[in-house]
Peer 1: 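Pasting a structure below so you can have a look.
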There are 2 protein chains.
Amino acid sequence: MENADIESRALDAAERLFYEHGVQAVGMDRVRAASGLSLKRLYQHFPSKEVMVEAYLRRRDRRWRAALAEHVAHRPAGRDRVLAVFDWLHVWFGEPDFRGCAFLNAFGEMGTGSAAVAEAVREHKAEVREFLLHLALDARTEDPELLADQLAVLVDGAIVTAAVTGTPEAAHRARAAAEALIPATGRPWTGR
Amino acid sequence: MENADIESRALDAAERLFYEHGVQAVGMDRVRAASGLSLKRLYQHFPSKEVMVEAYLRRRDRRWRAALAEHVAHRPAGRDRVLAVFDWLHVWFGEPDFRGCAFLNAFGEMGTGSAAVAEAVREHKAEVREFLLHLALDARTEDPELLADQLAVLVDGAIVTAAVTGTPEAAHRARAAAEALIPATGRPWTGR
DNA sequence: TAGCCTAGAGAACGATCGTTCTCTTCGCCA
DNA sequence: TGGCGAAGAGAACGATCGTTCTCTAGGCTA
């Protein structure tokens with residue numbers, strides 16, 4: 001078996017378990033059972049649980065942002081594309097295994113205990129904010145930096161609200177708020 | 001020693017430890033050492049760790065909402081009072097021991113593992129949303145229910161963003177977003 | 001003062017944690 | 001075919017988890 005296959009299998013199991021139950025609640029033996037790999041092999045590729053958690057978060061970050069980017073790319077650049085972020089969130093919130101933000105959950109658990117995990121979470125949030133900044137720039141808004149920060153707050157707020165309430169409605173509320181933050185000119189990308 | 005004193009001492013230690021390090025990362029023996037109480041006494045008042053965690057969350061909920069309400073009560077009812085919520089958040093975010101939302105952190109850790117904890121978190125968020133609804137009603141806004149939902153999203157978004165970034169700036173961004181959501185009439189509470 | 005009852009501290013329990021080690025099995029090359 | 005090296009499963013390690021139990025010390029009553 002290839003190294004990449006092994007790591008993929010391990011992270012598939014780790015992601016499912018860590019995301020559903022939390023990191024601390026899942027032991028390495030449970031990852032072993034779910035992945036079908038031996039403990040020895042797991043520790044060959046991830047020298048400690050902390051490394052595995054970090055790898056889980058970094059892979060999820062790439063996939064999560066890629067899925068979001070892929071979704072909004074289908075809309076024309078500008079205001080619509082910004083709002084499409086919240087449509088994508090709404091779909092995600094409705095998935096049966098949705099359990100909030102994996103990064104915020106991990107940060108809450110291990111933020112003070114693991115610098116590596118905390119850094120991975122910070123980087124994820126910074127990347128998302130960067131992505132939102134690009135959308136804000138494309139929409140030719142007055143203050144793209146401010147809008148990016150505000151969108152980031154709305155996105156995270158919607159995620160945690162949806163997780164706690166158990167309904168995807170927060171995405172619609174956040175979308176409506178975002179609409180109020182973006183000047184609704186007819187063709188915002190042409191300048192004025 | 002009175003029962004109330006014992007529970008207070010226990011919860012003081014539990015709150016400090018659980019909030020700083022997370023619930024799962026802190027053992028009962030650590031609560032015992034920090035509180036100066038015996039393990040036996042702790043279990044007399046809290047028959048299990050889960051009960052203690054729930055008590056910690058419920059007491060923190062009361063104090064947190066009381067502190068917020070006390071702060072905004074100093075502003076005149078209406079738009080200013082809504083925005084004062086974010087000023088209070090900014091002060092909170094700047095405190096050295098700020099580590100995000102105790103409820104969201106606990107929910108991420110034990111949301112699927114403890115129904116009692118999950119319920120306490122849901123109730124806290126519902127109470128906060130109810131408080132925001134009262135502010136929205138006092139501000140005579142067009143759609144108070146929608147505004148309350150949006151403010152709740154902004155509040156939670158600001159909290160988690162401040163926790164991850166380590167700066168209180170998110171409160172200002174959320175406040176600016178809230179300003180855009182509230183029609184800036186001269187005296188909004190008079191109707192129009 | 002003698003005996004009893006409560007409550008204290010913390011040792012100990014079984015389970016499980018992250019991690020390591022042993023022991024067996026299997027495939028490869030001379 | 002016989003011997004060797006790598007890799008498999010899972011037992012075992014010490015630590016720590018939540019929880020319970022033991023043992024001792026002290027205050028109250030007769």
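Side chains included, hydrogens not; waters and symmetry mates left out as well; all remaining heavy atoms used. In what follows, chains carry the letters A, B, and so on, assigned in the order in which the sequence lines appear, proteins first and then strands, with residues in each chain numbered from 1.
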Peer 1: Only counting residues at least two apart or in another chain, list the ones meeting salt bridge (Lys or Arg N to Asp or Glu O under 4.0 Å) with A/Glu20.
Peer 2: none
Peer 1: Here's one to test your reading of the geometry: is the NZ or CZ of A/Arg65 within 45 degrees of the ring axis of A/Phe131 and under 6.0 Å from its centre?
Peer 2: no
Peer 1: For A/Arg129, is there an ion pair with A/Glu145 - N to carboxylate O distance below 4.0 angstrom?
Peer 2: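 A salt bridge is present here (some side-chain N lies under 4.0 Å from a carboxylate O).
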Peer 1: Taking side chain to side chain contact (heavy atoms under 4.5 Å, CB included) as the definition, give me every residue that meets it alongside A/Glu95, ordered by chain and number, with sequence neighbours left out.
Peer 2: A/Trp92, A/Asp97
Peer 1: Starting at CD1 of B/Ile159, measure out to CG of A/Asp156 and round the result to the nearest 0.5 Å.
Peer 2: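 If I round to the nearest 0.5 Å, the distance is 11.5 Å.
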Peer 1: What is the separation between atom CG on A/Leu42 and atom C1' on D/dA9, rounded to the nearest whole Å?
Peer 2: 12 Å
Peer 1: Considering residues at least two apart in sequence or located in another chain, which fulfil the side chain to side chain contact (heavy atoms under 4.5 Å, CB included) criterion with B/Ala116?
Peer 2: B/Glu50, B/Glu54, B/Ser114
Peer 1: Can you name the nearest heavy-atom pair linking A/Lys49 to A/Val23, along with the distance?
Peer 2: NZ-O, 3.1 Å
Peer 1: Calculate the interatomic distance between A/Arg30 atom CZ and D/dG10 atom C1'; express it in whole Å.
Peer 2: 19 Å
Peer 1: What integer distance in Å separates A/Gln44:CD from D/dA9:P?
Peer 2: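 Atom-to-atom, A/Gln44 to D/dA9, this comes out as 11 Å.
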Peer 1: Using five base pairs at each end, measure the axis-to-axis angle across the helix from C/dT1-D/dA30 to C/dA30-D/dT1 and round it to 10 degrees.
Peer 2: 30°
Peer 1: Which residues pass the side chain to side chain contact (heavy atoms under 4.5 Å, CB included) test with B/His172, sequence neighbours left out?
Peer 2: B/His90, B/Glu169
Peer 1: Would you tabulate the nitrogen or oxygen pairs shorter than 3.5 Å linking the protein to nucleotides 17-20 of chain D?
Peer 2:
from   : atom 1 : to      : atom 2 : distance (Å)
D/dG18 : OP1    : B/Lys49 : NZ     : 2.3
D/dG18 : OP2    : B/Met28 : N      : 2.7
D/dT19 : OP2    : B/Tyr43 : OH     : 2.9
D/dT19 : OP2    : B/Lys49 : N      : 2.8

Peer 1: Does the side chain of B/Arg41 get closer than 4.0 angstrom to OP1 or OP2 of C/dG8 through an N or O atom?
Peer 2: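 It does, given that an N or O in the side chain of B/Arg41 lies less than 4.0 Å from OP1 or OP2 of C/dG8.
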